[in-house]
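Down below is the structure, laid out as structure tokens.
As a basis for the values below, the full set of heavy atoms in this structure was taken, side chains included, without hydrogen atoms, waters or symmetry mates. Residues: numbered from 1 along the sequence shown. Both ligands and their constituent atoms are indexed starting at 1 by order of listing.
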Amino acid sequence: MGEELTYETKNGWKSADEAQKKDIFAFSEDYIQYLNKGKTERLACSEAVRLAERAGFCDISKKDRLKAGDKVYLVNRAKSVYLAVIGEDDIQEGIRFVIAHIDSPRMDLKQNPLYEDCDMTLFKTHYYGGIKKYQWTALPLALAGVVYTKDGKKMDVRIGDQLGDPVFCITDLLPHLADAQMQKKATQIIEGESLNILIGSIPDADSEKNEFKMAILKILNEKYGMVEEDFVSAELEAFPAAPACDVGFDRSMVGGYGQDDRVCAYTALKAILDTKACKKTSVCVLVDKEEIGSMGNTGMRSAFFEFATATLIEKTTGSYHELMLKKTFRNSQCLSSDVSAAVDPNYADVNEKRNAAFLGRGIVITKYTGARGKSGTSDANAEFVYQIRKLFCENNVVWQSGELGKVDAGGGGTIAQYVANLDVDVLDCGVALLSMHSPFEIASKLDVYMAYQAYYAFYAQ
Ligand code: MN
Ligand code: MN
């Protein structure tokens with residue numbers, strides 16, 4: 001480091017006084033609790049709704065008309081939630097959106113997952129999102145999701161991350177016999193079809209065939225009332241079992257699974273829950289499926305976003321036609337609230353340090369993402385970037401500007417482009433992580449707190 005920067009980016013801890021440090025540590029305790037409760041998109045969604053109801057939000061179906069100060073939410077298929085605080089201005093003058101995603105990379109069970117081999121029972125999986133597969137072996141895993149039994153009963157499954165629970169595991173080869181494996185490319189060290197989860201090893205005493213599989217089916221039937229065919233319609237996800245925790249002697253960081261993007265989801269959620277009154281209508285959206293391209297009816301490309309916004313327009317103005325929705329979007333602004341990569345001293349050469357994000361230097365604004373010459377990005381307008389920069393400075397939000405890696409080192413995208421396509425001003429703005437997409441991602445508590453301050457200031461304008 002030691003290069004001169006054209007604008008000042010200071011480590012935020014240096015300017016934090018004792019009172020602010022106390023706030024930062026207290027905030028991160030609640031954040032850690034949210035991480036531990038919301039380890040899947042369904043769990044993150046239901047926990048967000050629980051916190052929202054506690055803060056006075058209600059389901060929009062309970063309100064025929066909406067007025068300034070009203071707080072409502074719409075849930076989309078249990079995996080995504082749209083929360084709004086109605087502003088004093090006419091909604092068509094624009095909404096302030098903060099949008100984050102609550103899905104994270106993981107292992108999904110296949111629809112016919114259960115099998116036995118070598119006197120053990122296992123689950124077949126299909127991984128979800130961009131992962132380094134070798135990071136997911138020899139690691140305690142938990143399981144959560146929903147199962148519908150043949151008679152239509154919904155069973156919520158969650159096992160492996162509560163006190164006293166057993167865990168599950170994808171095994172790895174011992175180094176003594178790994179000569180051939182270790183010669184392979186990292187992408188092939190663990191093959192997708194080797195991501196099989198070990199779930200049992202006692203045979204069923206009454207069965208002659210498939211006795212290992214049968215023993216597990218009996219347990220599942222007793223516990224959840226399910227039979228093998230019920231897996232076909234189930235959604236079961238495996239994720240790291242370990243709880244999120246403090247990192248460092250100074251406890252300055254949070255380590256844990258799923259911080260991409262629940263760090264931005266929680267800070268955005270907390271900002272809207274704390275918004276009492278606002279000029280423009282404030283909306284926080286927590287969406288699903290970002291890690292696989294924002295596809296499907298629970299992702300950001302779903303028409304649900306337009307439906308929810310149209311519903312707000314209809315309930316605040318008493319009328320609705322398409323031009324009202326278009327006008328609202330045209331006047332709206334959005335912070336696409338997703339994580340960025342912090343410079344890692346072990347791999348600093350993938351970054352260009354003048355344009356990279358650092359841990360502890362505050363929330364990161366990213367004018368554009370994309371890859372290979374800004375391909376696949378929403379490039380935020382100078383006017384909007386200036387407005388946000390000014391807002392953060394005026395509200396003492398510690399912030400920095402960062403690009404995802406060196407030019408042509410790789411790249412990635414966020415939901416920004418899909419919102420921008422609707423004629424909304426959008427800027428990517430979130431927390432920088434170390435070890436992104438790994439089972440143990442790391443964030444600075446100062447950056448987490450600054451994200452909350454940033455989103456709160458955005459709503460409070
Ligand atoms: Mn993300
Ligand atoms: Mn991601």
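Remark: side-chain polar atoms of His101 are not paired, donor with acceptor, to backbone N or O of Val287 under 3.5 angstrom.
With a 6.0 Å cutoff to the six-membered ring centre and a 45° limit on the axis angle, Lys374 counts as a cation-pi contact of Tyr368.
Between Asp260 atom OD1 and Asp338 atom OD1, the angle centred on the Mn ion (ligand 1) amounts to 100° (nearest 10°). Vertex the Mn ion (ligand 2); arms to His437 atom NE2 and Glu291 atom OE2; angle 100° (nearest 10°).
Under the 4.5 Å side-chain criterion, counting only non-hydrogen atoms from C-beta, Trp13 is in contact with Ile24. Counting heavy atoms from C-beta outward, Leu312 and Val283 have side chains that approach closer than 4.5 Å.
The Mn ion (ligand 1) has an N, O or S atom of His101 inside 2.8 Å of it.
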